[in-house]
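This chain uses plain numbering: 1 for the first residue, then up along the sequence. Every value quoted in this text rests on a predicted model; they were computed, and no experiment measured them.
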Amino acid sequence: MANRDFFDEEFEKIEKASSDNTSRVEERRGGTDGAPSRKSGDFDSWSSYQAPQSTAEKSKKPLYIVLICLALVLCIALGWVLCAVFGGIGRSKQEQLLADVMSILKSDYYKEVSQEELWKAVEQAGTALLQTAGDQFSRLMSPQTYYNFEHPTSVLVSGNGNVFGMTFQVVGGVGLYVSSVVVNSNSYGKLQEGDIIVKMTDITDIYGGQGVTYGSGANAVTYEQIVLNGGDDLLIRSLLALVDKATFHVLRNGSVIPYEIARGQIGYVNPLYPFEYVEFYFGDNLTNVSTTVTGDAVTCTKDERKLGNLSQLKDTGYIRISEFSAMDVSLTEQTRADDEFRQALTLFKNSGLKRLILDLKGNPGGDVTIVSNIAGMLISADLLTPQQNQKVARRNNEYLITTLQTRSQGNSERTVKLSRDLYFTQAPNADKPDVVVWTDSGSASASELLTGALLDYGMATHMGTRTYGKGIAQVILPLKDYAGTVKTNDGGTATEYWHIYFTIASYFSPVTDTNIQGDGYTPKTYNNLDTYDKLWQNTIEYFNSGEGIPS
């Protein structure tokens with residue numbers, strides 16, 4: 001078909017069926033991301049999202065397909081959504097109009113439109129309907145898209161399975177920004193932090209086929225098709241999970257370099273701490289990051305992040321969180337960022353360390369329960385005024401981390417029991433907090449939630465550059481009247497529901513009620529520190545004298 005693109009091929013496998021499933025709350029990558037399933041109505045997952053795409057780059061579909069899509073979306077799958085989006089304005093008339101269009105197409109159109117084409121178009125049209133109504137983060141998820149999202153055994157992060165060994169962020173209209181590369185993965189020595197993957201070619205999927213398609217399709221997929229033509233973070237992560245090997249075209253220092261990379265097993269630097277999401281450096285003898293250049297690599301993590309500077313600080317450790325997420329590493333085992341952080345922080349305390357550099361650069365977000373648990377390990381109420389304490393204190397030594405405000409379901413609070421004394425031996429100091437948080441423009445959503453909580457409680461000094469600015473949350477709900485056949489990770493088939501992913505709440509910081517949607521957090525004193533050299537210079541001056549000088 002002349003106008004078929006990469007996303008068209010994704011939907012050819014869908015067949016109508018029935019099944020049962022639970023809803024899950026997410027925001028994407030991020031999310032994405034393998035976070036634990038939750039009950040319908042919970043707000044449990046957060047991640048970053050790229051800027052909305054240009055309308056000039058939308059796919060040029062025939063008018064009849066657009067009309068069919070809208071009719072199907074409204075009349076079959078998303079009638080109730082229309083009511084919510086338009087506030088109940090004349091739903092029956094709108095649906096009847098589209099039903100009349102559908103009737104004409106069924107009886108008078110010059111040729112029959114296949115069910116596969118209709119279902120493929122439904123996902124695109126449902127997404128367009130929601131985003132046209134003003135919600136750039138929303139989408140309609142086909143059964144296969146949802147399955148890929150909910151079962152990320154082949155996501156592009158480190159793990160015990162076959163992976164590429166790198167984490168990334170979507171940069172709308174550009175490509176994928178590589179935020180970290182796992183040591184001893186197949187990407188190590190090829191990809192580097194700060195690379196931008198602008199194109200992929202010569203793709204083989206995880207089932208042995210050519211290209212990330214179902215049925216007939218192109219053997220190569222370009223990022224013009226994925227990123228430039230409307231592919232969002234959630235969809236990109238779902239579809240790239242199907243890639244087994246490819247040629248990655250990487251923009252670095254003004255040149256584009258091709259690298260052939262296949263999935264493979266990870267060989268961890270420190271097998272005692274095979275963490276997915278948390279990297280720590282408390283010295284060369286206590287770390288899970290690379291400290292020497294090995295293999296084909298041109299650098300190591302210690303050198304990339306200038307971690308040797310830590311020797312200039314007393315009683316200080318470095319921890320980086322790449323995502324606030326969880327992943328199934330086996331049928332019975334799951335790894336979670338909060339569990340990993342707890343282990344790292346326990347090592348921190350047992351080593352006699354008292355001050356922490358928390359690196360959230362490039363962290364796109366993740367699960368709100370996970371980030372709230374981590375906040376509970378870092379904050380204390382000791383610095384709050386009596387009025388502030390009354391505002392955030394709850395029963396059983398629990399304290400407010402964030403409040404989510406919804407239109408139709410009221411407000412929802414996230415509280416945690418504080419456990420800071422379990423890990424830190426030095427009392428908090430109002431003039432010079434023991435935690436320094438590093439951020440950049442890729443620090444989004446859950447990263448901003450944690451940054452805001454630490455700042456509100458007076459527990460951290462903020463350094464780096466302005467954060468992304470995402471103060472809203474999404475929820476995923478199943479459309480239980482509609483299901484389809486999906487291809488599973490083991491090569492079999494299963495049934496799965498269609499799901500709708502949409503923005504349901506704004507979230508606010510605990511003490512000051514700050515919502516950073518569109519604004520982000522900007523460091524007040526230590527701003528425009530856009531390199532590790534600048535961050536270390538100011539952090540060293542801050543901890544050693546309390547009077548860091550911004551560069």
Which residues pass the side-chain hydrogen bond (donor to acceptor under 3.5 Å, both in side chains) test with [X], not counting sequence neighbours?
X	value
Ser179	Thr167
Tyr457	none
Asp338	Arg336, Asn373
Ser509	Asp456, Thr512

Taking side-chain contact (heavy atoms from CB on, under 4.5 Å) as the definition, give me every residue that meets it alongside Ser372, ordered by chain and number, with sequence neighbours left out. Val368, Ile401, Arg414, Val416

Listed by chain and number, what are the side-chain contact (heavy atoms from CB on, under 4.5 Å) partners of Ile196, not counting sequence neighbours? Val174, Tyr177, Val198, Leu251

Looking only at the side chains, is there a donor atom on one of [X] and [Y] sitting less than 3.5 Å from an acceptor on the other?
X	Y	answer
His462	Thr451	no
Ser506	Gln405	no
Asp202	Thr247	yes

More than 12 foreign heavy atoms under 6.0 Å from NZ of Lys391: is that the case here? yes

To the closest 0.5 Å, what do you measure between [atom1] ([X]) and [atom2] ([Y])?
X	Y	atom1	atom2	result
Asn363	Glu323	CG	CD	6.5 Å
Arg466	Ser441	CZ	OG	8.0 Å
Arg394	Lys417	CZ	NZ	15.0 Å

Is any NZ, NE, NH1 or NH2 atom of the basic residue among Lys487 and Asp205 found under 4.0 Å from an Asp or Glu carboxylate oxygen of the other? no

Using the six-membered ring wherever Trp is involved, compare the ring planes of Tyr146 and His499 and label them parallel, tilted or perpendicular (cut-offs 30° and 60°). parallel

